[in-house]
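In what follows, every heavy atom counts, from backbone to side chain, and hydrogens, waters and symmetry copies are set aside. Owing to the predicted nature of the structure, the values given are computational and were not obtained by experimental measurement.
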Amino acid sequence: MDLGVGVRSFNTKTTTSCFSHLHHIKPCNLNCNRVASYSFSHSRRNPMGRTSVKVNNSITDSVSKVNSTAADDYVLDLELSSLAALCPLDGRYWSKVKDLAPFMSEFGLIKYRVVVEIKWLLKLSQTHEVSEVPKFSKEAESYLQNLIDQFNLNDALEVKKIEKVTNHDVKAVEYFLKQKCQSHPEINKVLEFFHFACTSEDINNLAHALMLKDSLNKVILPSMDKLIRALCDIATATASISMLSRTHGQPASPTTLGKEMAVFAYRLSREREILSQIEILGKFAGAVGNYNAHLVAYPEVNWPRVAEEFVTSLGISFNPYVTQIESHDYMARLFNSIMLFNNILVDFDRDVWGYISLGYFKQITKAGEIGSSTMPHKVNPIDFENSEGNCGIANGGLSHLSTKLPISRMQRDLTDSTVLRNMGVGLGHSLIAYKSALQGIAKLQVNEASLNADLNQTWEVLAEPIQTVMRRYGVPEPYEKLKELTRGRAVTRESIREFIDGLDIPTEAKKGLLDLTPHTYTGEAEELAKKLNLVRSSVNGASLS
């Protein structure tokens with residue numbers, strides 16, 4: 001953090017991560033540009049065009065068991081240009097949100113379905129009452145685990161090709177796994193135990209839970225933490241810089257810039273902590289939540305216990321009372337918490353926007369950047385405006401998710417299915433908002449000259465402490481006397497001192513008032529800002545359970 005004379009700057013270091021650190025995301029072998037960094041969902045080439053990539057023979061062969069007459073010339077269209085993207089998350093803002101893509105994309109959903117299906121087969125092999133699925137050898141377990149670890153875009157394309165025939169996305173994953181395991185002699189004997197006693201929602205609800213858990217723990221919460229820490233840094237660095245408060249937009253009792261930043265840091269850290277404590281729930285109880293088919297096939301098995309062990313083994317809390325679906329109440333709670341975090345951020349964005357407008361902050365300029373197409377002098381607070389706007393878009397989507405998802409007709413309707421595919425939209429726009437706010441913070445410079453000028457022109461703010469001291473010493477009608485002195489009149493240092501000199505109060509009290517200035521009348525603001533580190537424990541990097 002660089003501190004200058006009269007101007008203070010805040011440079012927050014943001015970490016740009018890419019898929020390369022996720023070893024399980026393998027580059028696509030298709031011949032298209034930028035495929036290594038955008039491999040699982042999109043590829044890019046020259047603007048405004050589409051490339052049709054013919055699926056290779058291995059994918060065509062993989063679907064033959066499903067439908068031997070499937071067209072060998074099946075063609076999958078890939079979106080290759082950000083300029084052609086309907087959603088700005090996949091276009092203009094891709095670089096800011098791509099870290100979410102391994103979790104929140106169609107690829108991510110397919111992969112997590114694969115995870116659940118394989119882990120369930122492994123759980124059955126460890127349940128001794130299910131004798132038809134003997135305990136797998138280490139080699140067989142390793143083979144199944146490799147299907148997860150090495151799952152890549154080509155695998156996802158195979159699943160999508162099978163889905164073209166089945167017209168059922170979860171069944172396509174089951175068929176894909178059966179085909180992958182046909183060549184393994186040990187697993188081949190128990191292929192029909194893939195998806196055993198499962199309804200599609202058993203797979204989907206756990207896949208969605210894992211998508212949320214990983215995207216929040218690996219992307220969203222760390223971004224929240226960076227934002228909170230940046231605000232904590234500003235708060236402590238500017239703890240002693242006096243600033244005129246503005247209640248109702250009017251001059252009010254002075255504060256310090258650091259204390260006002262500390263308020264936002266504390267509010268955001270509390271909501272982030274609440275978010276991290278929300279339990280992510282899962283179910284695995286069959287078609288209507290009663291283990292009906294399970295018990296008919298294996299009446300001697302304690303299926304509720306097995307299901308709980310399975311769900312919790314995935315790092316998800318178990319919901320024992322469900323219909324065909326997990327009720328999504330935890331999702332509503334989680335999205336509402338993110339919405340509140342975003343609303344607090346909007347409050348911060350607007351306040352900083354106002355402080356920039358008042359001249360309390362300057363913004364570091366960057367060579368080549370243009371603030372206005374017609375007014376060369378302008379440096380607009382675009383990062384905070386971008387953050388505010390994206391918080392609004394995010395909250396619009398998250399609000400629908402939180403109000404719709406807990407509602408399902410009787411034991412199940414399908415209205416949640418298409419809605420759940422939009423979880424990444426709310427999270428994506430939230431992520432843009434956090435990164436934009438961080439980018440804006442990094443450009444801020446405190447303009448102490450402007451802060452001092454405002455304070456020097458508002459001696460009337462001392463009316464509050466003067467009339468409060470007068471009350472203590474029994475001076476009649478103190479409020480009314482100060483109102484007559486200050487309201488609608490120009491108040492100067494001299495007029496204030498003259499008024500204090502005429503008070504009938506103890507000498508020590510009078511001296512204290514005479515020593516007071518708008519710069520020093522800040523109460524505990526400085527100490528509150530400096531003590532913020534004591535409450536930063538709430539920014540502890542806790543993950544969702």
Side-chain angles (χ1 to χ4, degrees), residues 19 21-30 39-41 55-66 101-103 105-127 130 132-166 168-198 200 202-211 213-214 282 284 310-311 313-316:
F19 305 152
H21 71 285
L22 298 170
H23 65 276
H24 57 283
I25 303 295
K26 303 297 183 182
C28 170
N29 292 323
L30 302 177
S39 62
F40 51 72
S41 59
V55 180
N56 60 32
N57 290 334
S58 65
I59 299 178
T60 302
D61 293 340
S62 73
V63 79
S64 60
K65 183 177 180 181
V66 181
F103 315 113
S105 62
E106 177 95 356
F107 171 90
L109 176 57
I110 294 171
K111 173 165 184 176
Y112 284 113
R113 285 169 172 160
V114 167
V115 170
V116 175
E117 293 278 13
I118 289 175
K119 294 293 186 181
W120 177 234
L121 182 63
L122 287 168
K123 177 62 178 176
L124 291 174
S125 76
Q126 297 159 5
T127 305
V130 185
E132 286 77 8
V133 187
K135 184 172 177 56
F136 288 129
S137 65
K138 292 294 183 182
E139 190 277 331
E141 289 182 354
S142 178
Y143 182 89
L144 290 169
Q145 185 60 45
N146 282 339
L147 291 178
I148 295 173
D149 295 340
Q150 297 178 11
F151 190 84
N152 57 32
L153 177 60
N154 285 333
D155 292 327
L157 291 176
E158 283 194 48
V159 174
K160 293 302 292 182
K161 181 166 176 64
I162 297 170
E163 184 187 339
K164 194 76 174 179
V165 178
T166 63
H168 196 288
D169 48 3
V170 177
K171 203 68 177 174
V173 171
E174 178 190 344
Y175 287 172
F176 165 79
L177 290 173
K178 286 179 177 178
Q179 291 161 6
K180 283 290 186 181
C181 294
Q182 263 187 323
S183 61
H184 193 283
E186 186 177 345
I187 305 173
N188 182 50
K189 296 176 181 178
V190 293
L191 289 181
E192 293 307 322
F193 281 87
F194 275 116
H195 204 70
F196 177 78
C198 294
S200 296
D202 285 330
I203 308 303
N204 280 338
N205 91 98
L206 296 182
H208 288 130
L210 291 171
M211 291 167 70
K213 182 175 181 179
D214 283 349
F284 213 74
F310 174 60
V311 171
S313 73
L314 299 175
I316 299 168

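Taking every heavy atom of both residues into account, Gly282 and Val311 meet most closely at O-CG1, 3.9 Å. Minimum heavy-atom separation, Thr166 to Ala172: OG1-CB, 4.0 Å. In plain terms, the two heavy atoms of Ala140 and Glu186 that are nearest each other are CB-OE1, 3.4 Å. Scanning all heavy atoms of the two residues, the minimum distance from Ser105 to Ala101 falls at OG-O, 2.5 Å. Nearest heavy-atom pair, Ser183 versus Tyr143, reported as atom, atom and distance to 0.1 Å: OG-OH, 3.8 Å.
The shortest distance between side-chain heavy atoms of His184 and Leu144 does not fall below 4.5 Å. Residues Ile187 and Gln182 fail the side-chain proximity criterion, which asks for heavy atoms closer than 4.5 Å. Residues Tyr175 and Val159 have side chains not in contact (no heavy-atom distance under 4.5 Å, counting atoms from C-beta outward). Residues Asp214 and Tyr112 form a side-chain contact, since some pair of their non-hydrogen atoms from C-beta on lies under 4.5 Å apart. Side-chain contact check for Val173 versus Val116: every heavy-atom pair is 4.5 Å or farther apart. Proximity of Phe193 to Ser125: side-chain heavy atoms (C-beta onward) are nowhere separated by under 4.5 Å.
Note that NE2 of His208 and CG of Leu109 are 5.0 Å apart. Values are rounded to the nearest 0.5 Å. Here the NZ-CG distance, from Lys111 to Leu210, works out to 11.0 Å after rounding to the nearest 0.5 Å. Interatomic distance, CZ of Phe151 versus CZ of Phe176, reported as 5.0 Å (0.5 Å rounding). Atoms CG and NZ, from Leu124 and Lys119 in turn, are 13.5 Å apart once rounded to the nearest 0.5 Å. Rounding to the nearest 0.5 Å places NZ of Lys178 at 11.0 Å from CD1 of Ile162. The distance from the CG atom of Leu191 to the SG atom of Cys181 is 6.5 Å, given to the nearest 0.5 Å.
Side-chain contact annotation: Glu163 with His168, donor-acceptor N/O pair under 3.5 Å absent. With no hydrogens or angles considered, no side-chain donor-acceptor pair links Asn154 and Glu158 at under 3.5 Å.
Taking the charged nitrogens against the carboxylate oxygens, Lys180 and Asp155 do have a contact shorter than 4.0 Å, which makes a salt bridge.
Judged by distance alone, with hydrogens and angles left aside, the side-chain atoms of Gln126 form no donor-acceptor pair with the main-chain N or O of Lys135 at under 3.5 Å. Thr127 places no side-chain N or O within donor-acceptor distance of the main-chain N or O of Val130, the cut-off being under 3.5 Å. For the pair Asn205 (side chain) and Asp202 (backbone), a donor-acceptor distance under 3.5 Å is present.
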Might you work through the salt bridge (charged side-chain N to carboxylate O under 4.0 Å, His left out) test for Lys160 and Glu106, ending with a clear yes or no?
-> CA-CA 10 Å; Lys160 293 302 292 182; Glu106 177 95 356; 2.9 Å; yes
Passes side-chain contact (heavy atoms from CB on, under 4.5 Å), Leu122 versus Glu141? Steps please.
-> CA-CA 7 Å; Leu122 287 168; Glu141 289 182 354; 3.8 Å; yes
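For Trp120 and Phe310, the ring centers sit closer than 6.0 Å to each other.
In terms of the side-chain hydrogen bond (donor to acceptor under 3.5 Å, both in side chains) criterion, Ser313 has no residue partners (sequence neighbours excluded). Scored by the side-chain hydrogen bond (donor to acceptor under 3.5 Å, both in side chains) test, Asn204 finds Arg113 as partners (sequence neighbours excluded).
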